[in-house]
Amino acid sequence: MIETVQRFFTARPESVGQARKFADEALTEWGLAERIDDIRLCVSELATNALVHGTVSDHGFLVRLEIEDDVVRLEVHDSRCRRPRPRQAASTDLSGRGLALVAELADEWGVRDRAPLGKIVWSCFKAAGGTTT
């Protein structure tokens, strides 16, 4: 059985914290304590990227969580088509590590186009015994 929750957030800095709280509530309800920290950090990083780099004027972002067979899929939808790429941040950089963290914590991740505009940055997390296939 697939369960899905999603919520739209306005393009404001406090929306990142609200997105983390939204994910916490859904994951707790689903009983996924073992991956909650990894998923919550990825929500924070992807929501921040959407807010800073992915939203056009007067557009927010959507966070979608789905669970099926002990695999959680996180999607962050935004309104810009420009695809993010992980970069190697210098030790003195204050930002630029978000996608590297997502790549490290998630079992899989990627980007796909969104109709009518924008993109979806997604990541998958296996719970104990789950597979991403």
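Everything quoted here is computed from the prediction, not taken from an experiment. All heavy atoms count here, side chains included; hydrogens, waters and symmetry mates do not.
- Looking at Arg114 and Glu75, no side-chain N of the basic residue comes within less than 4.0 Å of a carboxylate O on the acidic one, giving no salt bridge.
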Quiz prompt | Residues Cys42, Phe125; criterion side chain to side chain contact (heavy atoms under 4.5 Å, CB included); working and verdict | solution = CA-CA 10 Å; Cys42 289; Phe125 304 83; 3.7 Å; yes
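- At a threshold of 4.5 Å between non-hydrogen side-chain atoms, the residues Leu74 and Leu46 count as touching.
- Counting heavy atoms from C-beta outward, Ile67 and Thr4 have side chains that stay 4.5 Å or more apart.
- Atoms OG1 and CD1, on Thr28 and Ile36 in that order, are 3.5 Å from each other to the nearest 0.5 Å.
- Counting only heavy atoms from C-beta outward, the side chains of Leu65 and Phe22 approach each other to under 4.5 Å.
- Here the CZ-CD distance, from Arg73 to Glu68, works out to 11.0 Å after rounding to the nearest 0.5 Å.
- Closest non-hydrogen pair, Gly118 versus Cys81, comes out as N-SG, 3.6 Å.
- A 4.5 Å side-chain heavy-atom check between Glu66 and Val72 finds every atom pair outside the cut-off.
- The pair Asp38-Arg35 meets the salt-bridge criterion, since a charged nitrogen lies less than 4.0 angstrom from a carboxylate oxygen.
- Transitive grouping of hydrophobic side chains (ILVMFWY, heavy atoms separated by less than 4.5 Å) keeps Phe9 and Trp122 in distinct clusters.
- For CD of Glu29, the number of neighbouring non-hydrogen atoms (other residues, nucleotides, ligands) closer than 6.0 Å is 12 at most.
- In terms of heavy-atom proximity, Thr10 sits nearest to Phe61 at O-CE2, 4.0 Å.
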| task | Using the side chain to side chain contact (heavy atoms under 4.5 Å, CB included) rule, take Leu27 and Ile39 through it: C-alpha gap first, then chi angles, then the decisive distance, then the call. | result | CA-CA 9 Å; Leu27 297 167; Ile39 298 168; 3.5 Å; yes
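- At distances below 3.5 Å, not a single donor-acceptor pair connects side-chain atoms of Arg12 with backbone N or O atoms of Ser15.
- The main-chain N or O of Arg40 is never found under 3.5 Å from a side-chain atom of Ser44 such that the two would form a donor-acceptor pair.
- By the 4.5 Å heavy-atom criterion applied to side chains, Arg80 and Lys119 are counted as neighbours.
- A distance of 7.5 Å separates CG of Asp70 from CG of Leu32, quoted to the nearest 0.5 Å.
- A continuous path of ILVMFWY side-chain contacts below 4.5 Å connects Val76 to Val111, so both sit in one hydrophobic cluster.
- In this structure a side-chain-to-backbone donor-acceptor pair under 3.5 Å is present from Asp107 to Lys126.
- Taking 4.5 Å as the limit, some side-chain heavy atom of Trp30 sits within range of a side-chain heavy atom of Glu3.
- In the hydrophobic clustering of ILVMFWY residues, with side-chain heavy atoms under 4.5 Å counting as a link, Phe8 and Val5 come out apart.
- Between the Arg112 side chain and the Ile120 main chain, no donor and acceptor come within less than 3.5 Å of each other.
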